[in-house]
Protein chains: 2
Amino acid sequence: MNQSAKTFPPPPSAESDDALRTETTTGAIGYRLRRAQLSVFQKFLAFFDEFKLRPAEYSVLVLIDDNPGRKQTEIAEVLGIKRANFVTLVHGLEERGLVERIPSAQDKRANALHLTEAGRAFLATAQARHARLEEETVQRLGGPAARAQLLELLDRLI
Amino acid sequence: MNQSAKTFPPPPSAESDDALRTETTTGAIGYRLRRAQLSVFQKFLAFFDEFKLRPAEYSVLVLIDDNPGRKQTEIAEVLGIKRANFVTLVHGLEERGLVERIPSAQDKRANALHLTEAGRAFLATAQARHARLEEETVQRLGGPAARAQLLELLDRLI
DNA sequence: TATTGTTATACTCTATAACTATA
DNA sequence: TATAGTTATAGAGTATAACAATA
């Protein structure tokens, strides 16, 4: 699995004047997690540049599509988004004609969230693109087994 | 920890009115990465509550300790922090008496960063605490082999 | 001309309080 | 009393532009 030698810091004797010693920092799990997450999100943003779609917006569209008619609070809570902040997010999607807020008949306080026809078409394209991104990511990981391994390990950190 | 099996979505036939279908969203690598990273950072913040220390500040202290005398730009760049934003960060550490900015003799534009005596003492305590956090995290992962596996997989995502 | 540290500024994300209308 | 959606606001984190001093 591991090619060979993990490049170790310059031997303690060789005090180079340019390379910094980063082992202590990069040895931390949280640090590596953060760097990886930032990198993956950067790739997402670049990959979805023409879609003008952020990761959070994409997950909201997917979640509404899989759970049409749900309240804002329900969708927001699943994603760990505060309902106050979710207002702005869903408002943006509504302005783009992708999402509808339909006043609930049973509970006049609530809005039932639905994708518009345009929203469904948009999401279908986005999901096809996302599938290619995931595919590429799985390849980088080393295949489906490596992906499953990663997801399992990540779950243990929550 | 986990009661029994991985709770799968309600079988397609049983359309419960409360549980949401989240498989599509949670199947994405980026989504899981983000959730895990947020969780790990939350644990860091809780664990270092009395230290009033954020992950970025901790990594800066570690990096200065391992590379005393380096310029702000060098430390900032390694951590992916813009030098403009690094000014505020290092200023805070200086105000707390942990870091010194010593004007460089060779390059009068630059500040050489050093830990103060108090900074070294503080970092020693923080690192001991961090070691316990890492230990706990490794246990959650399933041991040192699982940790190595995770770091290897994360590296492939960068 | 280029770099270092700095200031100013803006934009995103996130968090809390408080309001309204309903329940 | 509690909840759903909303507004306002404040705090981080991050990004760019521009400047003075120095290289």
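Since we're looking at a predicted model, the values are computed, not measured. The basis for the numbers below is simple: all heavy atoms, side chains too, and nothing from hydrogens, waters or symmetry mates. Chain letters run A, B, ... following the sequence lines, proteins first, then strands; residues in each count from 1.
- Spacing between atom CZ of B/Arg70 and atom P of C/dG5 amounts to 12 Å, rounded to whole angstrom units.
- Note on B/Glu136 versus B/Arg132: no salt bridge recorded, every NZ/NE/NH1/NH2 to OD/OE distance being 4.0 Å or above.
- Protein atom NE2 of A/His91 is 12 Å distant from nucleotide atom P of D/dA8, rounded to whole Å.
- Rounded to an integer number of Å, the gap from CG of A/Asp107 to P of C/dT22 is 10 Å.
- Under 4.0 Å is where a charged nitrogen must lie from a carboxylate oxygen, and between A/Asp155 and B/Arg32 at least one such pair does.
- Distances shown here put every side-chain N or O of B/Thr73 at or beyond 4.0 Å from the OP1 or OP2 atom of C/dT3.
- Nucleotides of DNA chain D nearest to B/Arg109 and A/Arg83 differ in position, and the one nearer the 5' end is that of A/Arg83.
- Note: CG (A/Leu113) to C1' (D/dA4) measures 12 Å, nearest angstrom.
- If you take CD of B/Glu77 and P of C/dT4, they are 9 Å apart, rounded to a whole angstrom.
- Between the side chain of A/Asn111 and the base of D/dA4, no donor-acceptor pair under 3.5 Å is found.
- Ring geometry for B/Phe41 against B/Phe44 counts as tilted: the plane angle lies between 30° and 60°, on a 0 to 90° scale.
- By the 4.0 Å N-to-carboxylate-O rule, A/Lys71 lies too far from A/Glu74 to be salt-bridged with it.
- Between A/Arg34 and the phosphate of D/dT14, there is a side-chain N or O to OP1/OP2 separation shorter than 4.0 Å.
- Between A/Lys82 and C/dT14 there is no side-chain N or O to OP1 or OP2 distance below 4.0 Å.
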